[in-house]
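For reference, the structure discussed in these notes is given below.
Counting convention: from 1, in listed order, for ligands and their atoms alike.
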Amino acid sequence: MFERAVLVHYHEIGLKGKNRGAWERRLADNIAFVLGDLTDSAVQRVASRVMVRVSDIHKLEQIIERVSLVPGVSYLADVLITSREPHDMERAALMAARQFPLARTFAIQARRSATDFTERSLEINRRLGAYVQAETGLGVNLTSPDVRVCVEVVQGEVYTYARRIEGPGGLPTGVSGTIVSLLSAGIDSPVATWRMIRRGAVAVGVHFSGRPQVDASSERFADEIAQVLARTGGMARLYVVPFGDLQREISLVAPPDLRVLLYRRLMIRVAEKIAAVERAGALVTGESLGQVASQTLENIAAVDAVATMPVLRPLIGDDKNDIIGIARKIGTFEASTRPHADCCTLFMPRTPETHATVRQVEAGEVDLDLDRMVSDALGGLTWTDYPCPSYKPPKRWRDAEA
Ligand code: ATP
Ligand code: MG
């Protein structure tokens, strides 16, 4: 048996000149972090890639699955590592080709990254190709083969692989700062959060629960969603804010058609306080233009008017179907579609305002003691932490579970 490894490729970090070394180290550290004790060998950086040697073959699939979720990973290869002896190379090429039992055609694609190896790439292709063809009877197709066996000769050894697994792409967690994401238990905001995680941000979620006016079911699903997102290594913490009494208070004094917007404006104010403590650079929501009544340009402006930091909306131009597609792919869809008590539907009128002005919503708020409401919200805060390599809890809220 040959040694097995997972060879991790990235592309974008390759471009970032000065940052490159630090970012590569970050990616390697993040991969080591999500693997935990699944691997006993070090995660190494080799020639613009990251190598995870697999000592226990039974853990290979688990290692592949975990690494394939890590931001910054473009794709990974399931690699056989051999000596540079001709027969070892041939047997490895054969083994790699045989990982695809249904294939009818193949190609060998060799590359030399070591100058002390005299056989040229084309010669390697021919030699290994002839061997695989003789052993399997597969046809050669250089332009669109069913299986492409990649062979890379490096210093002292050879990497051979045919199996490639796509990663999320993006940037390593921790290179883009922290964002505070308004995380409902719906479909959109988990996808928006994931998009930011993929771009290298550490995500801190804030979930507004209708408790005590309704049960805590949405909190459980938000936690479940955060656990799924945490498999990327980019989801650090989820704050839960009991919001039901505050919504009730709003509903008692504010015009019914403005309620949702006033809930949202209060959510933004609370989330900004949390963002300040977390030293986050932006808030994130899952809004998409025109998707529901509260997501018109006018209403977005009416909500944004209370924000002092950027409110990012990574899904603003996406169709629901595309968002659902991503939710399924990243694994949040199921938890996002369980019936739960959603705080937004509390005390809701039949006809919410779709074209509110800032003046209107400000007038709707005049009888509210907003400072007190924000501090009530923060007073009821609880949180859950998830494994995240680049996160340091803020001093003020350090202990587990307030
Ligand atoms: P989602 O699918 O994310 O719940 P939605 O389509 O239900 O979004 P809205 O209800 O208008 O749309 O919510 C818009 C955004 O406001 C959400 O994407 C989310 O970022 C934030 N938000 C709404 N409700 C909550 C909540 N209970 N807790 C935290 N954030 C929320
Ligand atoms: Mg929702």
Using a strict 4.0 Å threshold on nitrogen-to-oxygen distance, state whether Glu157 and Arg84 make a salt bridge. no
Can you tell me how far apart OG1 (Thr193) and CE (Met235) are? Round to the nearest 0.5 Å. 6.5 Å
Run the side-chain contact (heavy atoms from CB on, under 4.5 Å) test on Val70 and Thr232 for me, step by step, so that the C-alpha distance in whole Å, both residues' side-chain angles and the decisive distance to 0.1 Å come before the verdict. CA-CA 5 Å; Val70 172; Thr232 62; over 6 Å; no
Are Trp397 and Tyr239 close enough that their ring centers fall under 6.0 Å? yes
Check ion pair Asp29-Arg25 (N to O, under 4.0 angstrom): no
If you draw the axis of the six-membered ring of Phe117, does the NZ or CZ of Arg112 fall within 45° of it and under 6.0 Å from the ring centre? no
Sub-4.0 Å heavy-atom environment of ligand 1, residues by chain: Leu182, Leu183, Ser184, Gly186, Ile187, Asp188, Ser189, Val206, His207, Phe208, Arg264, Met267, Thr285, Gly286, Glu287, Gln291, Val292, Ser294, Gln295, Cys343, Cys344
